[in-house]
Each structure stands twice: as structure tokens, then as C-alpha cells.
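Notes to accompany the following structure.
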Amino acid sequence: MSIEDVRADERYLKLLAEKFPNISAVATEIVNLEAILSLPKSTEHFLSDLHGESGAFIHMLKNASGVIRRKVDDIYGDTLSEAEKRALCAMIYYPDERLEYYHSLPDINLEEIYRTQLQQVIAVARAVTVKYTRSKVRKLLPKDFAYVIEELLHESTSEPNRQSYYNAIIEAIINTGRAEDLLIAISYLIHSLAIDSLHIVGDIYDRGPRAYKIMEILCTYHDFDIQWGNHDIEWMGAAAGNLALIASVLRVSIRYANVETLEEDYSINLLPLANFAMHTYGDDPCTVFQTKDFENNPRLTRSADLMAKMHKAISIIQFKLEGQIIQRHPEYEMNDRLLLHLIDKERGTITIAGKEYALSDSNLPTLDPQNPYALSAEEQSLIDQLAHSFQRSEKLQKHLRCLYNHGSLYLVRNNCLLYHAAIPLNADGTFQEVTINGQRLKGKALMTAIDTEIRKAYYAPQGSCVQTNALDYMWYLWCGPCSPLYNKDKMTTFERYFIDDKQLAKEAKGAYYELANTYETCCNILREFGLDPAEAHIINGHIPVRTLEGESPLRANGLRLVIDGGFSKPYQKQTGIAGYTLIYNSHGMQLIEHEKFESRAQAVLSGADIHSRVQLVDKSEHRMLVRDTDRGKELVEQVNNLHKLLFAYQHGLIKEKL
């Protein structure tokens, strides 16, 4: 290092000197950062395609996808019975409910339970804190118990005198009536430390019942990010005001008997839709619009007949609104999806590619053959009311902001490339050029431009042409053929409802879905995003892995990991399992395969857990340190700058403040 090097950065170093005003402060920070760089790499968890399954998701966070149970096994081995281990895990996962359960038992010695489980929970906490600095752990401690927990975590129990001190703390906590509060506090500390970073690789919404709960948890989680999926984009576009996506969200929610998310969680008023549907389709049985699995959803307060009518009403509105978007944007090249003008109302038929098909439902009172894509006055009034309800929902708008603040179309982190579904490819494996805002883009440049367009839909001036076009593009991302979130030739929703010929309902996947299983293609994708295939991985969701048919989540010689294992219950018949978690820690990567989650109540009462199996993916030859991560590179740069500041102080280029 030379004086000239330091003088070149003098302005920045003077700003840095405001925070570290003397040699002592600089040296202390260098020592601190060097110590952090020598710690093991933090633990990252990857999940995808949650689809509203909040119960299983919450349990995954609490048991750290099986990591905590494995810690218990490592600590206690055969010294605890299976029942004792399950009781300990139940206390860590759900301390409040587990304590309530103990209180409900007759003739139970609560003090003995406190004494035993405090020592056990502290042992587990000690095991999950070993890779953190004391200062980081200290920041997570609740103020009421900060001193006590720190003493217990770092107290040696191997020396007799220190063991007495340790026991005295435990007895004092019990005698002062604080044992339950401390058990809860330490359990929550374990939750915070077992998972450092959480990556959600798309699709929080649709299918399952409680996406709202998942979003509520994520919005306060200590460190997470989201790579938007197609179902997330559908909800984001609806919340931002795209009328076609509002109709789509409503249609999908009604189709899967999932309206409580809209009505109870987000306060979306569906009464106008119910009234319109009854008035318009009063005598219509709406047979093809029957809600799926209606009987197994006891929370629905409407009749199956009314739900079918609502389903049909919003579907017709959706098809009209989508037609309007296609007509506004010829550059989408989706004219083949304009179908309403091909209907012959009198004959009850539709003609596609010169062939006539009978409509399975020909009662279309709101369809004007002269202007088939125009909403009737009543339909327009209805969709305007629904849009008002979406945009005035405080909870929905809060979650929309969270999705924007913590989300992106793709992410590069610690030699992992994360995106939900696809990178548009040509049949020969080259990157497909796609038009966006008049530009022809491909690969990383395309993904970056799309990310920007998604943000314009929310952040551009309200009502501006920029925002209107971006909102329309959100719809294209939901179902457009070159969308990296969909990437099929068409979405055949209309055909599935109205035409019995199943051939017309087929949706051809883009070239990516086959080519991305090859090593060469994945190497090209990783290089496009600046990653070395010898060290990196692609992590996807979107397409459930059909393990029952012998499919593997590991593709392209392990370069690509597809981690959609059927978190959502409707997909579990295809996958044969109930989801994956990818765990990336200092030892490498592990893919955890999960079985079905029974219930929170069973987890509390009997210690029932999600049974998981570990598939080894990539074990590192040496234990990875913070220095080896992206965060480590940032810290190394900070250390280098601090050394420059130290040099400046030592050579009198910048004066110390003592």
C-alpha cells in the first residue's frame, strides 16, 4: 500500500473516519470483521411453490426442515427415549401451546418439567449458536432475559463449581415463576438462529387456503427474499389494478374453493359478484363451473349452486378483459387467444381453425356478437367495484409492498442462480429474443428488463401510460408464451371450460423445460449470469417433480435443482411426497424430502413431526466460511478500506479524533 493509493481514496476515507475516528476504533473493527470472516458460512433454506399451505410452511420454519430434530439426535443420542426427544422438539417448535398442554394434565410436576426442559432447550440453543459471534446472538436476545440466557449459553457444565452456578440460575428462574417465559424465549431464539436466510423460489399464492398467513410471517421474518412466481405475479398485478388479473384471481379462488383468503383475510367484498351472478345466471345450473373439492371445505358459507354461478360470471368477464389486452398489444402476438368472436350464439358452437365444436355451455347472455370483448354495463360496474375493493384492502396492499421490497424476478447469491420457472430458449438451446418496450432482448438482459417492467406497474405514476403498459405486461407474464414465468404456447382456460375435445386444451411447454435438463444448457445459463458452472447451481420450482414416476429433482448432472416437491396438497398425488427444502450450509448442500404434515395440534400434543429424508447433493471438500460467500466479499472489501484508513492515520494523512 502506498501513500498515492490512499490519497486516491481520501474523500471516501474521510467519510469512513467519521465512524472510526482513531486507530483504536479502526483496529477493533478490523479484528471483529476478520473474526466474522473466519466463522462457518450461514445456513440458507430454499423453498418453492408453497401455494398457501401455511400449516406445513410454519412447521418447516419451526423445525428448520428437520435440522432441529437432527441437533437433538446429535446431542442426546440414545440417552433420551424417542418419546422424550419428541417432547423436547414439541417444546422448541410450539412452546406456548406445549406449556398449555402440560397445564391440562392432571397430577403433573410442572417444576420437574421446567427443570428438565430448560436444561435440554439450553443445550439445543448452545448447539445452534456455536457458529455465531456473541454480539450477533446478543442482539437477538429478549431484553428481559438477555443476561440470563447469555450466562446459560456460555456457561461450562463440566467443572463442578460452574455446574453449581448453572443449576442455581435454573432454580432461581423456577422459584421466581419465570420458567415458562424463559422456555418460550429460548425456543424463539432457536427458531431465529437455525435458519439464517430464507429463499422462497416463487408461488406463495393460489391453490392452498392461507397464503395470507405465509405473507404475514414473511413480512416480519429476519432475513428472506422471494423470486416471483407466476401465481405471485397474478396476485401482484391484481393488487396493483390490472382488471384481467383481478378476474383471474377471483376465478382461481372460486374454482378451488379458496374464497376465505379473499373475504376473511383480505376483506375483498364478493357480495356484488354474488348478486350479479344470481341475477344473470339465475336458472342456469352452470354445470361446467362447479367448484373443485367443494364438499371438503367446511368454511364455505355459500351454496355450491351460487359458487358455480359466481365462477361462470367472473370467467366470462376475464375472457373479455383478456381479449381487450391482446387487442391493445399486437406485439404480444397472442391473437390466437381471441376466441369469443368465433362463437355462434344461436348454434351454440365455436369454430377454431376451420372446425366447428359444440360449446359445453352455450348460455352466454352477456356476450354481444357484434362486440364480443366489450363488458356489459353491469359487468363493467361489477369489475370496477371489485377493483376498488382490491386496491383499498390495507392487508393486501401491505403484502404487495412486501413482495416488491423483498422480491425479484431472479437472484444470484453465493454461486446459486434462483428463478421460479424458465429462461426463454430457442429449440437449439440459444437464448430466445423477446420484444419488450420495442427492444429485442434475451438471457440476463431480458430478465433484468422484465424485473424493471414489473416494478413500473407499481411505482410508475398512477394512471400514466408507463404504468398502464406495465400492468398489461403483468398479465402477459401470467400467461404469455415467451414469459419466463409461464413459457407455454398458450393458456387454454377457455377450452377447458367450453370445449370437450381435450386435444384443444393441451399446452405445449417451451424449449426450456426439456433443454434445461441437459448439462450444456445449464452451463450456458450459468455463464450468462456470470457464474462458473464448476461451482454454481440453478435452483427452480414451478414444475412438480413426479417422484412416483421416477423423476429426480437433480437435473443436468446436479447443476439444476428443481425443488417443487408438492408442498401444495393438490400436487401430492403426482409427486408422492409433500415438498422439498434445499439447505445450503458450511458443509455443502442437502436436499430434504418431506412427508405430509398432519397438523399443528398433533405436533403439540404428541410431538408429531414432518418425517424427512436427506438426499446429499453437494458436499464441500472443506468447510465453507463467511469469507467464501458474497457477504464475505463485501466484508473483505470493508477490511481493505479499513486498512487504508489505518495507514492514513499512521502516516498523518488523516488526523485522529481522540
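Put simply, the side chain of C219 reaches to within 4.5 Å of the side chain of H399, judged on heavy atoms. Counting only heavy atoms from C-beta outward, the side chains of F57 and L218 approach each other to under 4.5 Å.
Checking Y410 against T448 by side-chain atom types alone, a donor-acceptor pair falls below 3.5 Å. Side chains of E44 and N585: no donor on one and acceptor on the other come within 3.5 Å. Looking at N540 and R560, their side chains do bring a donor and an acceptor atom within 3.5 Å of each other. For the 3.5 Å distance criterion, the side chains of H594 and T581 qualify, holding a donor opposite an acceptor. For the 3.5 Å distance criterion, the side chains of Y205 and N230 fail to qualify, holding no donor opposite an acceptor. In summary, the side chains of Y132 and D196 do present a donor paired with an acceptor at a separation below 3.5 Å, with no hydrogens or angles considered. A side-chain donor from one of H59 and Y94 sits under 3.5 Å from a side-chain acceptor of the other. Checked by atom type, the side-chain pair H199/D225 shows a donor-acceptor distance below 3.5 Å. Inspection of the E151 and Y165 side chains reveals an N or O donor paired with an N or O acceptor under 3.5 Å.
Remark: R11 CZ is loosely packed, at most 12 non-hydrogen atoms of other residues, nucleotides or ligands lying under 6.0 Å away. In K131, the NZ atom is crowded: over 12 heavy atoms of neighbouring residues, nucleotides or ligands sit closer than 6.0 Å. For E634, the CD atom is densely surrounded, since the number of other residues' heavy atoms within 6.0 Å is greater than 12. More than 12 non-hydrogen atoms from other residues, nucleotides or ligands lie less than 6.0 angstrom from OH of Y459. For CD of E520, the number of neighbouring non-hydrogen atoms (other residues, nucleotides, ligands) closer than 6.0 Å is 12 at most.
Put simply, the residue from L446, N426, I423 that forms a side chain to side chain contact (heavy atoms under 4.5 Å, CB included) with Q432 is N426. When each of V128, I149, T129 is checked for a side chain to side chain contact (heavy atoms under 4.5 Å, CB included) with V137, only T129 meets the rule. Screening V562, D203, D564 for a side chain to side chain contact (heavy atoms under 4.5 Å, CB included) with S48, the sole residue that qualifies is D564.
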Determine, stepwise, if the pair H643 / F647 fulfils ring pair (Phe, Tyr, Trp, His ring centres under 6.0 Å).
CA-CA 6 Å; H643 276 295; F647 183 95; over 10 Å; no
Do E528 and K444 pass the salt bridge (charged side-chain N to carboxylate O under 4.0 Å, His left out) test, and can you show the C-alpha distance, the side-chain angles, and the key distance before you say yes or no?
CA-CA 6 Å; E528 173 71 8; K444 181 181 179 181; over 6 Å; no
Worked check of salt bridge (charged side-chain N to carboxylate O under 4.0 Å, His left out) between E637 and K633
CA-CA 6 Å; E637 185 177 354; K633 294 173 185 176; over 6 Å; no
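Taken from OH in Y649 to CD1 in I23, the straight-line distance is 8.5 Å, to the nearest 0.5 Å. A distance of 9.0 Å separates CG of L37 from CZ of R631, quoted to the nearest 0.5 Å. In this structure, L653 CG and Q650 CD are separated by 10.5 Å, a value rounded to the nearest 0.5 Å. Rounded to the nearest 0.5 angstrom, N32 CG and L642 CG are separated by 10.0 Å. Taking CD of E234 as the start and CG of L485 as the end, the distance is 12.0 Å to the nearest 0.5 Å.
Checking side-chain atoms of Y419 against main-chain N and O of W228 turns up no donor-acceptor pair under 3.5 Å.
Contact detail for R555 and A516: the closest heavy-atom pair is CB-O, 4.5 Å.
A cation-pi arrangement, defined by a distance under 6.0 Å to the six-membered ring centre and an angle within 45 degrees of its axis, is present between K41 and Y584.
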